[in-house]
Amino acid sequence: QVQLVESGGGSVQAGGSLRLSCAVFGDTYSSSVMAWFRQAPGKEREGVAALYSGGTSTYYADSVKGRFTISEENAGSTVYLQMNSLKPEDTAMYYCAADPYVPASAMLEQSEYNYWGQGTQVTVSS
């Protein structure tokens with residue numbers, strides 16, 4: 001079992017930056033794969049970024065490549081999403097997710113993740 005607690009959301013102007021944090025509580029096996037998802041009003045939840053804890057590979061949605069960076073600290077006890085050059089279309093509720101195993105081909109598929117945080121709101125104004 002694992003609990004995920006997000007923080008760091010807020011309101012920012014276009015072009016600004018925010019860093020989201022996800023504190024991970026529980027057994028490290030259940031959080032071997034960590035990801036960030038987002039859901040804008042009226043839209044489906046979409047994968048933003050993901051990584052294998054302790055690994056070097058990271059995965060990004062095309063819409064955020066070059067602007068967002070996922071990273072971890074303290075052997076996965078905290079996972080970050082650094083968001084730069086924010087755009088109004090990045091406005092959404094952002095969720096942290098975890099799972100013991102996700103195939104590389106499905107790292108940004110929400111159906112692969114069993115553990116979810118409560119979400120943190122990000123609002124980008126033009």
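Atoms considered below: every heavy atom in the structure, side chains included; atoms not considered: hydrogens, waters and symmetry mates.
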Checklist entry - Can you list every ring-ring contact (aromatic ring centres under 6.0 Å, His included) pair that touches residues 103-126, not counting sequence neighbours? => result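 Those involving residues 103-126 are Phe37-Tyr113, Phe37-Trp116.
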Item to check | Contacts of Lys43 that satisfy side chain to side chain donor-acceptor pair (under 3.5 Å) - sequence neighbours left out | outcome: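 Checked Lys43 against side chain to side chain donor-acceptor pair (under 3.5 Å); zero matches.
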Next on the checklist: Could you work out, with side chain to side chain donor-acceptor pair (under 3.5 Å) as the rule, every residue matching Glu46, not counting sequence neighbours?
Outcome noted: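 Checked Glu46 against side chain to side chain donor-acceptor pair (under 3.5 Å); matches are Arg38.
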Item to check | Those residues that, when tested against Arg67, pass salt bridge (charged side-chain N to carboxylate O under 4.0 Å, His left out) (two or more places apart) | outcome: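 Partners of Arg67 under the salt bridge (charged side-chain N to carboxylate O under 4.0 Å, His left out) test: Asp90.
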Side chains of residues 78-85: which donor-acceptor partners sit under 3.5 Å, not counting sequence neighbours?
| residue | atom | partner | partner atom | Å |
| --- | --- | --- | --- | --- |
| Tyr80 | OH | Glu73 | OE1 | 2.8 |
| Gln82 | NE2 | Asn84 | OD1 | 2.9 |
| Asn84 | OD1 | Ser17 | OG | 2.9 |

Item to check | Residue among Leu108, Val48, Thr69 satisfying side chain to side chain contact (heavy atoms under 4.5 Å, CB included) with Tyr60 | outcome: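 Going through the options one by one, the only one that passes is Thr69.
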Checklist entry - Take atom CD in Gln3; do more than 12 heavy atoms of anything else shown fall under 6.0 Å from it? => result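 Result for CD/Gln3: open.
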Hey, can you pull the donor-acceptor pairs under 3.5 Å for the side chains in residues 49-57, sequence neighbours left out?
| residue | atom | partner | partner atom | Å |
| --- | --- | --- | --- | --- |
| Tyr52 | OH | Val102 | O | 2.7 |
| Tyr52 | OH | Ala104 | N | 3.2 |
| Ser53 | OG | Glu72 | OE1 | 2.8 |

Taking [Y]'s backbone N and O only, do any of them form a donor-acceptor pair with [X]'s side chain (distance below 3.5 Å, no angle check)?
X	Y	answer
Asp99	Asn114	yes
Thr123	Ser11	no
Glu6	Cys22	no

State, to 0.1 Å, how close [X] and [Y] come at their nearest heavy-atom pair, and which atoms those are.
X	Y	result
Ser126	Ala14	CA-CB, 4.3 Å
Ser77	Asn74	OG-CB, 2.9 Å
Ala61	Gly47	CB-O, 3.4 Å

Output the distance between atom [atom1] ([X]) and atom [atom2] ([Y]), rounded to the nearest 0.5 Å.
X	Y	atom1	atom2	result
Thr91	Gln121	OG1	CD	7.5 Å
Tyr59	Ser105	OH	OG	9.0 Å
Tyr94	Leu18	OH	CG	9.0 Å

Next on the checklist: Quick check: is Leu4 connected to Met93 through a chain of hydrophobic side chains (ILVMFWY, heavy atoms under 4.5 Å apart)?
Outcome noted: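 Result: no, two separate clusters.
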Checklist entry - Would a hydrophobic clustering, with Ile, Leu, Val, Met, Phe, Trp and Tyr connected at side-chain separations under 4.5 Å, put Leu20 with Phe68? => result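 Yes, Leu20 and Phe68 fall within the same hydrophobic cluster.
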Checklist entry - Do the non-hydrogen side-chain atoms of Val2 and Val24 ever get within less than 4.5 Å of each other? => result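 They are in contact (side-chain heavy atoms under 4.5 Å apart), so the answer is yes.
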